[in-house]
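Scope of the values below: all heavy atoms of this structure, side chains included, with no hydrogens, waters or symmetry mates.
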Amino acid sequence: MAKLKSKIAADPAVKVTSAGARAKRKPAGRSAYSHAEITEIFRRFSIQRPEPKGELEHVNAFTLLVAVVLSAQATDAGVNKATRALFAIADTPKKMLDLGEDKVGDYIRTIGLWRNKAKNVIALSQALIRDYGGEVPGDRDELTKLPGVGRKTANVVLNMAFGQPTMAVDTHIFRIGNRIRLAPGKTPEQVEDTLVRIIPSEYMRHAHHWLILHGRYVCKARKPECWRCVIADICKSPEKTTDVPAPLVPLEELDEAPNLDQ
């Protein structure tokens, strides 16, 4: 029995539960791509979109944080439509707090779960003023202490506002990670762990946006448009319909019409 306990203690894949039961942790899936293939995938993405940008409109780190909180279970286009007028008069935690929950709710009424989100926006504004001098912290642990802020939201803010090489796994990235077998995983955390581990460091800064935009405009949820894919020859998805990659040229923003298929 002592030997068994020793073996379990030495195995990092063994999880001891509070009840004393022991179970194997489920590791993230292994990428189906070699290092050279992954490097080529992101090299092509970098040529196609040299300076990718998020599509949530904001004027500073605070409004970005609010926009990302509001974007849960909502489209970027829907959030932008609601926040343009809001951010014009409340672009700091103090101004948002002065506006009050009811008026914030009036501005974001078209967004799903708006009542709860209005409460969170006011609560996180209070927390920023109370604990951080009205500034958005550039630390994941501190961000996730704020009301309505989870790991994905924190990663988006750290990436876009602070330039940190984070990976925020949304529905698009989760779908792509599994569909093309780039980073298979049953949870967003598993997909995130694999992507952070396999993506070359020189591409990590923009990898989050490249994958989101690829999922939004090409590798769509209902029907992927493989004929538009610049990595069709590398892709290992059993769903793909062609092995011929799309021309590798930079995309102009005007060519990317908004797609509301989330």
Side-chain angles (χ1 to χ4, degrees), residues 51-173 188-189 192-193 195-196 201 204-213:
E51 293 293 332
K53 293 181 175 61
E55 297 182 332
L56 284 172
E57 297 175 6
H58 61 282
V59 296
N60 54 32
F62 171 68
T63 54
L64 172 63
L65 175 60
V66 172
V68 180
V69 168
L70 296 178
S71 70
Q73 300 182 44
T75 65
D76 288 357
V79 172
N80 291 338
K81 184 177 181 180
T83 58
R84 284 179 193 129
L86 174 62
F87 293 160
I89 63 171
D91 59 356
T92 68
K94 178 66 166 57
K95 292 178 182 178
M96 194 69 73
L97 190 59
D98 290 344
L99 194 60
E101 183 180 321
D102 290 342
K103 288 187 177 180
V104 169
D106 288 340
Y107 280 98
I108 66 171
R109 194 177 294 268
T110 57
I111 301 175
L113 306 175
W114 64 271
R115 288 187 179 85
N116 190 56
K117 289 178 179 178
K119 291 180 181 179
N120 282 335
V121 168
I122 293 300
L124 73 84
S125 297
Q126 291 174 323
L128 287 172
I129 294 170
R130 181 186 66 242
D131 300 329
Y132 304 101
E135 299 294 326
V136 175
D139 178 84
R140 183 186 290 114
D141 290 338
E142 298 302 320
L143 281 169
T144 53
K145 292 177 183 178
L146 297 170
V149 179
R151 184 179 179 86
K152 186 187 78 172
T153 294
N155 280 341
V156 172
V157 172
L158 291 174
N159 183 271
M160 293 180 63
F162 297 95
Q164 297 184 22
T166 57
M167 178 58 61
V169 178
D170 70 347
T171 55
H172 296 299
I173 296 180
E189 289 77 15
E192 177 187 343
D193 289 346
L195 289 173
V196 169
S201 59
M204 268 303 302
R205 173 66 178 85
H206 294 308
H208 160 247
H209 283 123
W210 284 325
L211 290 173
I212 286 177
L213 294 171

Taking C-beta and beyond as the side chain, do L99 and L86 meet within less than 4.5 Å on heavy atoms? yes
Nearest-0.5 Å distance, CG of residue N159 to NE2 of residue H208: 6.0 Å
If you compare all heavy atoms of T75 against all heavy atoms of G78, which two are closest, and at what distance to 0.1 Å? OG1-N, 3.0 Å
Rounded distance (nearest 0.5 Å) linking atom CG of N120 with atom CD of E101: 9.5 Å
Look only at the side chain of Q164 and the backbone of G138, and say whether a donor-acceptor pair between them is shorter than 3.5 Å. yes
Nearest 0.5 Å please: distance from the CG atom of L143 over to the CG atom of L158. 5.0 Å
Distance (rounded to the nearest 0.5 Å) between I173 CD1 and W210 CH2: 12.5 Å
Taking the side chain as C-beta and beyond, is there a heavy-atom pair between T83 and V66 under 4.5 Å? no
Side chains of T92 and S125, heavy atoms from C-beta outward: is any pair under 4.5 Å? no
Are the charged groups of R151 and E192 less than 4.0 angstrom apart, N to O? yes
Quick check on side-chain contact (heavy atoms from CB on, under 4.5 Å): which of I129, L97, V136, L65 does L124 satisfy it with? L65
Between K145 and A127, is there a donor-acceptor pair closer than 3.5 Å when you use the side chain of the first and the backbone of the second? no
Side chain of K117, backbone of G112: donor and acceptor closer than 3.5 Å? yes
Evaluate the side-chain contact (heavy atoms from CB on, under 4.5 Å) criterion for residues K152 and D170: first the C-alpha distance (whole Å), next the side-chain angles of each, then the deciding distance (0.1 Å), finally the verdict. CA-CA 7 Å; K152 186 187 78 172; D170 70 347; 4.0 Å; yes
Quick one: do L146 and V69 satisfy side-chain contact (heavy atoms from CB on, under 4.5 Å)? Show the steps, please. CA-CA 11 Å; L146 297 170; V69 168; over 6 Å; no
Can you measure from CD1 (I111) to NZ (K81) and round to the nearest 0.5 angstrom? 11.0 Å
Heavy-atom closest contact (H209 atom, P52 atom, distance): CB-CB, 3.7 Å
Closest approach of A168 and N155, non-hydrogen atoms and distance? CB-CB, 3.7 Å
Between N80 and E55, is there a donor-acceptor pair closer than 3.5 Å when you use the side chain of the first and the backbone of the second? yes
What closest approach, in Å, do P93 and L128 show between heavy atoms, and which atom pair accounts for it? CG-CD1, 4.0 Å
Working to the nearest 0.5 Å, report the span between CZ of R140 and CZ of F162. 12.5 Å
Tightest non-hydrogen contact, residues M167 and A207, listed as CE-CB, 3.8 Å
Residues in side-chain contact (heavy atoms from CB on, under 4.5 Å) with Q73, at least two apart? L113
Not counting sequence neighbours, which residues clear side-chain hydrogen bond (donor to acceptor under 3.5 Å, both in side chains) with D91? List them please. K95
Quick check: closest heavy atoms across T63 and F87, and the distance to 0.1 Å? O-CZ, 3.4 Å
